[in-house]
**Q** 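Before we start, here is the structure in question, set down as structure tokens.
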Amino acid sequence: MNGSRPWWQSAVIYQIYPRSFQDTNDDGIGDLNGITQRLPDLIDLGVDAIWISPIFRSPMKDFGYDISDYVDVDPIFGTMADFERLIAEAHARGIKVILDFVPNHSSDQHAWFLESRASRTSAKRDWYIWRDPAPGGGPPNNWLSEFGGSAWEFDAATGQYYYHAFLNSQPDLNWRNPEVVAAMRDVLRFWMRKGIDGFRVDVIWHLIKDRQFRDNPPNPNYHAGRPPNEALIPLYTTDLPEVHDVIGTLRRTVDEFPDRLLIGEIYLPVERLVAYYGRDLGGVHLPFNFALLSARWDAKHLQALITEYEGALPKGGWPNWVLGNHDRPRIAGRVGQRQAAVAAMLLLTLRGTPTIYNGDELGMPQVDIPRHRVRDPFERNVPGIGVGRDGCRTPMQWDSSRNAGFSRVDPWLPLADDWRSNNVANLREDALSILNLYRRLLRVRKERPALSLGSYRPYVVDEDLLAYYRELNDSRLLIVLNLTDGPQALKLEEGAHARILVSTEAKRDGDLVKGTVTLAGDEGLVIDMASR
Ligand code: NOJ
């Protein structure tokens, strides 16, 4: 269908947070067999690829982002055989599988770190970032952990500090050491040999730190209520020029196998973000574009950020969009249930590869987690300012049976209150549901390549309406999104014969429109402009 284009340009990616997807072994935590069991639901939804958050052996201090063996599956999620069955069954159904790769830090329980910390002369000492105390004692410099406190942890036995950008149980690997690079390239090859179609690389912009370990400068815009690490500008700890050499090496490794995808997790302003496509596009294929995660939800602002992003892309750089993930508040929590449908239409009609976060297709809410049930180490370390990530990680709501069909026992995190009504089984029966909107949009994306591969051209924008064309050959689609809860109207181009392909209201699908199109509050439309 898409000629010589790589598969991921027309694909829709679905992020699975495995702990919360489907439990099959009655421990209240999702597992690999649960994902395999739910593949038919993903086919029904219409996604092309799944990215699974870490499933590797881990003490689970950061729920899998602290890996103690990069080439094994954690028993909580199942066995290697379960994993192999999942890939085989996904592939048999035409679904690609993307894994999370967490190269910046390992667990402090990883054999590499245990060896590294054993003595100053250990062969693996330099695999991690060890420094002497400051001349007067204390940490070597002022670097701060993302999860609160100093980023340096003292190891009394060897008298040095090690650096950890996140938890003190997540020591950073030293990517300036060629042995680390070689070991990690082998990790990538290991999973690609198993048939993996790509990787999402965790905090890729963190991989290289200042050689001279200079203090980070204070952030003049810091204010109370923000995470404490934001008091400093991470000038010497992230986004260093040499990181692009490391990424180039990862990319070349991925390119040893045909058709593999490399995605980078990068929270940076657009002009810095696009550098991660790499010189001559030799960086990651998709530097995750998180602009929508924190966007002010009005038409003008959204239009501006789309234009800025489109304008910043390097030649040949393929765009991508993300509306939610396991680290950020749910979209329905941010913009409300009704606007979440408009947001879905935006995500699935912008130019570039979209990533859907599991549960957003149900409009799952951001859940208030009672204090005694908080699991997220970030919230535990930095309580009370709203950094907690448990609220976007609650279990999937499959049906109205016990625990929403997620598990036969109490789940590791509480369910959202709305699970009895808001679940896959119920929403599937309701033509107007957000789930069916996702399904309709995904179907239209398949039928109309203009939506995945076409060009993007803004039509009009005012405070309330966002409208743009997606065009490919003689196919021309107009997307109109009402960002308000009141009715709006938009004048179509003179003489246009147009038909509604998808409305968030469903009832209007197939209707002809001419002259001026009206939209109900919180309505979005995909209109076929070439229709007679
Ligand atoms: C980014 C991941 O998405 C997040 O969940 C994790 O806590 C940090 N990296 C540290 O690994």
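In listed order, ligands and their atoms are each counted from 1. Worth knowing before you read on, the calculation uses all heavy atoms, side chains too, and leaves out hydrogens, waters and symmetry mates.
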**Q** Assess whether a salt bridge exists between Lys124 and Glu179, defined as any Lys/Arg side-chain N lying under 4.0 Å from an Asp/Glu carboxylate O.
**A**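 Glu179 and Lys124: not salt-bridged.
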**Q** Sort and list the pairs that fulfil side chain to side chain donor-acceptor pair (under 3.5 Å) and have at least one residue in residues 206-219, not counting sequence neighbours.
**A** Asn104-Lys209, Asp172-Lys209, Asp210-Arg214, Asn216-Thr237
**Q** Give a yes/no verdict on a cation-pi contact between Lys96 and Trp8, requiring under 6.0 Å between NZ or CZ and the six-membered ring centre and an angle within 45° of the axis.
**A** no
**Q** Taking Gln170 as the fixed residue, which of Asp62, Asp108, Asp66 is the one that meets the side-chain hydrogen bond (donor to acceptor under 3.5 Å, both in side chains) rule?
**A**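 It is Asp62; the other options fail the test.
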**Q** Using heavy atoms and a cut-off under 4.0 Å, could you grab the residues that are in contact with ligand 1, chain by chain, numbers ascending?
**A**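 Contacts of ligand 1 under 4.0 Å: Asp62, Tyr65, His105, Phe147, Phe166, Gln170, Arg200, Asp202, Val203, Glu265, His326, Asp327, Arg389, Arg393.
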**Q** Let's go through Trp321 and Phe288 carefully: what are the C-alpha distance in whole Å and the side-chain angles of both, what is the deciding distance for ring pair (Phe, Tyr, Trp, His ring centres under 6.0 Å) to 0.1 Å, and is it a yes or a no?
**A** CA-CA 7 Å; Trp321 296 93; Phe288 258 152; over 10 Å; no
**Q** Any side-chain donor paired with an acceptor under 3.5 Å for Asn422 and Gln397?
**A** no
